[in-house]
Number of protein chains: 2
Amino acid sequence: MTRNSQTVPRSQRRARTAERILAAARALFAESGYDRTTIRAVATRAEVDPALVMQHFGSKDELFRRAITVSSQEADEGGQEKLVELLLGILGVKMGEVSGTSLALLRSMLTHPEAAEQVKAANTRQLNQISGAIEAEDAELRAALTVSTLLGVTIGRHLLELDVLREADTERIAELMKPCLEALTGRPAQS
Amino acid sequence: MTRNSQTVPRSQRRARTAERILAAARALFAESGYDRTTIRAVATRAEVDPALVMQHFGSKDELFRRAITVSSQEADEGGQEKLVELLLGILGVKMGEVSGTSLALLRSMLTHPEAAEQVKAANTRQLNQISGAIEAEDAELRAALTVSTLLGVTIGRHLLELDVLREADTERIAELMKPCLEALTGRPAQS
DNA sequence: ACAGTCACTCATCGCATGTTGAGCGAAGTG
DNA sequence: CACTTCGCTCAACATGCGATGAGTGACTGT
């Protein structure tokens, strides 16, 4: 009668509550960031004792690490399309349905050192991918500006929740951003 | 022999230490954000007792409020130039020498509710100023995207401190961003 | 059915933080 | 010089946090 009073193997039950805790953690980290999210709050949301969270993840930092770690398959998906299409894809991924994992990460990137590292690493990855496809000079700088630009839009839309951006249609945003990105990348795929 | 062992009037002396505390607070808030900045740390940096900080500002929240409040003259400067020039001006202001006040505000905007409100308010102000000058349809949306874009670059450069952006010359960045902004605003001042 | 395992809870600790009030000593005032 | 004012410090409190370790009861395999 603890929670899942079904015939579920013990190991699987444990794995499920672990996932439930992780989901609660992701949600709260995404809402309030690292510092303002307490283990107690995560436990409450997961309908579990705070101590259990510790038993599962060892420490708050480790919980956070697990919460913001993208499944590395999720990270590397998205093939080798044309540049701007790729960028709009990033925009789409980041805007259409940004994963709770990403939001948790982004929310804390300005205040939690490791989150910042993680974001910088992700940026570097995208940057390399993009800059290789830019023919113009200053390819790296252009790529960095491009990524930052997209980051800004994502922040405005999902973290700050600026009304105008939140209400706007994803496709319309992508449409408006396209020439902007083309300009930054040296217009590889002009309309 | 406390600190300024000169013939300084008492009121002025108090005002000076208040300013010293405020400066320390701004620096720390800009470095670490609201939650990770402790009153004790501010006091230490200002070479002052923690209790004195309370006596001056009443609470940590009030200290933060004072630390992130732009002097309202500083906010409204920058005349009515042509649109893209204005934007590049914002870029310049935000990039060349971003004030500690702004950095303190920006650093906490994702985790501190009031900081978020403040940023959104500032964004709305800029948004109105910009959208009025855009002739294309979706003026508001375009303006919001423009502001978010600049926000992203500022974050990447000064908060995340992405290497490529930090090392880049301000003018070069402005130069690269110009066509991008023109595209977003409907190219009002084409080269 | 019995013993052991294991997911989970309870009570509690240590610590850092924001905040407070009493007190000190130098600057100001008559 | 007496007396007050006031900028400032010291010691302490209350709270909420992450973290710990002993305990409990249900599930498991034999």
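The sequence lines fix the lettering, A, B, ..., with proteins before strands; numbering per chain opens at 1.
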Nearest whole angstrom, please: distance from the C1' of D/dC8 to the CZ of B/Phe57. 15 Å
What pair of heavy atoms forms the shortest contact from A/Arg45 to A/Glu31, and how long is it? NH1-OE2, 3.4 Å
By nearest heavy atom, map A/Ile39 and A/Gln55 onto DNA chain D; which one lands nearer the 5' end? A/Ile39
Whole Å only: how far is the CZ atom of B/Arg14 from the C1' atom of C/dG28? 16 Å
Does a side-chain heavy-atom distance below 4.5 Å link B/His56 with B/Thr17? yes
Would you say B/Ser59 places a side-chain N or O within less than 4.0 Å of OP1 or OP2 belonging to C/dG18? no
Any base atoms under 4.0 Å from B/Ser11, or only sugar-phosphate, or nothing? Heavy atoms, all strands. nothing
note: A/Ile21, atom CD1; D/dG18, atom C1'; distance rounded to Å ~ 15 Å
Check whether any side-chain heavy atom of A/Leu151 lies under 4.5 Å from a side-chain heavy atom of A/Leu106, and answer yes or no. yes
Quick one: is D/dG7 close enough that its OP1 or OP2 comes under 4.0 Å of any side-chain N or O from B/His56? no
To the nearest angstrom, how far is A/Arg13 atom CZ from D/dA26 atom C1'? 9 Å
Phosphate-side-chain proximity, A/Thr17 and C/dC8, N/O vs OP1/OP2 below 4.0 Å: yes
Classify the side chain of A/Arg40 and the base of D/dG16 as holding, or not holding, a donor-acceptor pair under 3.5 Å. no
B/Tyr34 atom OH is separated from C/dG18 atom P, nearest whole Å, by 8 Å
Whether the side chain of B/Arg10 and the base of C/dA27 hold a donor-acceptor pair under 3.5 Å is what I'd like checked. yes
After noting the C-alpha distance and the side-chain angles of A/Ile21 and A/Val48, does the key distance pass the side-chain contact (heavy atoms from CB on, under 4.5 Å) rule? CA-CA 8 Å; A/Ile21 292 172; A/Val48 143; 4.3 Å; yes
Tell me the interatomic distance from B/Leu52, atom CG, to C/dT20, atom P, rounded to whole angstroms. 14 Å
A/Gln12 CD to C/dA7 P, straight-line distance once rounded to whole Å: 13 Å
To the nearest Å, give me how far apart NZ (A/Lys60) and C1' (C/dC15) are. 15 Å
Indicate whether the side chain of B/Ser108 and that of B/Thr111 have a donor and an acceptor atom separated by less than 3.5 Å. no
